[in-house]
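What you are looking at is a predicted structure, and each value in this text was computed from that prediction instead of being measured. The chains referred to below are lettered A, B, ... by the order of the sequence lines, with proteins before strands, and numbering in each begins at 1.
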Protein chains: 2
Amino acid sequence: MSDLLERLRGRGWRMTAQRRVVAEVLDGEHVHLTADEVHSRAVARLPEISRATVYNTLGELVSLGEVLEVATDKRAKRYDPNAHRPHHHLVCAQCGAIRDVHPTGNPLADLPDSERFGFTVSDVEVTYRGTCPNCAAA
Amino acid sequence: MSDLLERLRGRGWRMTAQRRVVAEVLDGEHVHLTADEVHSRAVARLPEISRATVYNTLGELVSLGEVLEVATDKRAKRYDPNAHRPHHHLVCAQCGAIRDVHPTGNPLADLPDSERFGFTVSDVEVTYRGTCPNCAAA
DNA sequence: GCTTGACTTAGACATTGTCTATTGTAGGAT
DNA sequence: ATCCTACAATAGACAATGTCTAAGTCAAGC
Ligand SMILES: [Mn+2]
Ligand SMILES: [Mn+2]
Ligand SMILES: [Zn+2]
Ligand SMILES: [Zn+2]
């Protein structure tokens, strides 16, 4: 995620302790945290960081295309740092665990013209749901 | 939607003016209202209906499998009375218009075992995004 | 027509997200 | 190295969405 900080610096971002911490929290594989979860983990590293700053920073990262908002959770938005490799999601209906997945085929090709109602279709979001190994064992 | 009311009566539901009105509001094609929108429209027909009753009734309908919760909107949940014919959704990114669509092919088959991480996958939700004819014209 | 348990209601409370006025500071200018 | 200032962070009010409870109401069986 340090390349992210580099890119942002190049775009005129002022580098602050808060922004660095948010970027650090978002680092990793299969990371899909809510804003509140990002805040909790950020507070662990920088106790005085505010909720507003976390929301602001996440919003900026989304605007810049560095982070995606995903709606796998029906309550809070989740923030996905894996914005540069297209993928979809597999969600455990019990515990909420989320994995990045790469299905074969192109779902866009599966939507015939007769089902497009005159829309210009530019994007598709696929969410698989099921039960993860942990929850199946229990 | 009157067959819905019949089914519910058969399941021991007490039939009240409030429940009838919520069912009426949910009647129709391509209906995907938020709880608040359901409440507004219900109030137009039955001014004293409360927010709590709308939430309760929607929750019951979801539990009974008569209505689906869909997450096409990143803010509020939307309630979909078209629960008996599987389908997916096409959403206008500008105005939020939603259409039911029926893609060809089975996206479940497009998720190889190597991408299932030991999950038992039971369901898939596909959301197409684009621009509707109205918004394209403007 | 009663009775009763299921239903509805108002409003408090919880969670998630947005906004503003004030204070602080990163980073360029001197 | 210090100063300046525009940009950023903060606290907390506010808004939107959703949940819960205690008290009153009524549908439906008797
Ligand atoms: Mn992801
Ligand atoms: Mn639908
Ligand atoms: Zn699980
Ligand atoms: Zn539109």
Side-chain angles (χ1 to χ4, degrees), chain A residues 5-25 32-64 66-80 96, chain B residues 5-25 32-64 66-80 96:
Chain A
L5 292 178
E6 277 313 311
R7 277 200 302 281
L8 294 173
R9 197 193 305 275
R11 295 220 220 177
W13 245 38
R14 194 175 282 189
M15 199 45 51
T16 67
Q18 292 85 348
R19 285 172 168 178
R20 235 186 312 269
V21 164
V22 169
E24 282 171 21
V25 166
H32 305 88
L33 301 171
T34 65
D36 226 45
E37 288 166 351
V38 172
H39 182 237
S40 298
R41 296 183 187 201
V43 162
R45 295 165 183 249
L46 185 69
E48 68 273 25
I49 192 173
S50 73
R51 238 164 49 88
T53 294
V54 170
Y55 274 99
N56 287 343
T57 305
L58 290 172
E60 288 158 6
L61 290 170
V62 170
S63 291
L64 293 170
E66 297 287 352
V67 166
L68 299 175
E69 268 177 6
V70 296
T72 56
D73 187 312
K74 287 195 176 67
R75 269 181 311 179
K77 292 175 192 167
R78 291 188 171 272
Y79 292 89
D80 186 343
Chain B
L5 292 178
E6 276 315 309
R7 279 200 301 282
L8 295 173
R9 197 193 305 273
R11 295 220 220 179
W13 248 36
R14 197 174 278 190
M15 200 44 52
T16 67
Q18 291 85 349
R19 286 172 166 177
R20 233 185 313 268
V21 164
V22 169
E24 282 171 19
V25 166
H32 305 88
L33 301 170
T34 65
D36 227 44
E37 287 166 351
V38 172
H39 181 237
S40 299
R41 296 184 188 201
V43 162
R45 295 166 183 246
L46 186 68
E48 68 273 24
I49 192 173
S50 73
R51 237 164 50 88
T53 293
V54 170
Y55 274 99
N56 287 342
T57 305
L58 289 172
E60 289 158 5
L61 289 170
V62 170
S63 291
L64 293 171
E66 297 288 352
V67 166
L68 299 175
E69 268 176 7
V70 297
T72 56
D73 187 313
K74 288 196 175 66
R75 270 181 311 179
K77 292 175 193 166
R78 291 189 172 271
Y79 293 89
D80 186 343

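A salt bridge does not link B/Glu60 with B/Arg11: every distance from a Lys NZ or Arg NE/NH1/NH2 to an Asp or Glu carboxylate oxygen is 4.0 Å or more.
In this structure, B/Arg20 atom CZ and C/dC7 atom P are separated by 14 Å, rounded to whole Å. Distance CD (B/Glu69) to P (D/dT17): 15 Å, rounded to an integer number of Å. Atom P of nucleotide C/dA26 and atom CG of A/Leu5 are separated by 15 Å, given to the nearest angstrom. Rounded to whole Å, the distance from CG on B/Leu8 to C1' on C/dA6 is 15 Å. Here the P atom of nucleotide D/dT10 and the CG atom of A/Leu46 are 7 Å apart, to the nearest Å. The interatomic distance linking A/Glu48 (CD) with D/dA8 (P) rounds to 18 Å, in whole Å. Note: CZ (B/Arg19) to P (D/dC26) measures 15 Å, nearest angstrom. The distance between atom CD1 of A/Ile49 and atom C1' of C/dT25, rounded to the nearest whole Å, is 15 Å.
Between B/Met15 and A/Ala17, it is A/Ala17 whose nearest contact on DNA chain D lies nearer the 5' terminus. Residue whose closest nucleotide on DNA chain C sits further toward the 5' end, between B/Asn56 and B/Lys74: B/Asn56. Of the two residues near DNA chain D, B/Tyr55 and A/Gln18, the one whose nearest nucleotide lies more 5' is A/Gln18.
Distance alone, capped at 3.5 Å, places no donor-acceptor pair between the B/His39 side chain and the B/Tyr55 backbone.
You'll find that the side chain of B/Asp36 is closest to D/dT17, out of C/dT16, D/dT17, C/dT8.
Looking at B/Arg51, its side chain comes within 3.5 Å of the base of D/dG18 through a donor and an acceptor atom. In the interface, the side chain of B/Arg14 is not paired with the base of D/dA28 through any donor and acceptor atom under 3.5 Å apart.
Between A/Thr16 and the phosphate of D/dC7, there is no side-chain N or O to OP1/OP2 separation shorter than 4.0 Å.
At a threshold of 4.0 angstrom between heavy atoms, the contacts of A/Thr53 include nucleobase atoms, whether or not backbone atoms are also involved. Across all strands, B/Ala52 comes closer than 4.0 Å to base atoms (heavy-atom distances).
For the side-chain contact (heavy atoms from CB on, under 4.5 Å) test with A/Asp36, the passing option among A/Thr34, A/Leu33, A/Val38 is A/Thr34; the others fail.
A 4.5 Å side-chain heavy-atom check between B/Leu61 and B/Tyr79 finds every atom pair outside the cut-off. B/His32 places none of its side-chain heavy atoms less than 4.5 Å from the side chain of B/Asp73.
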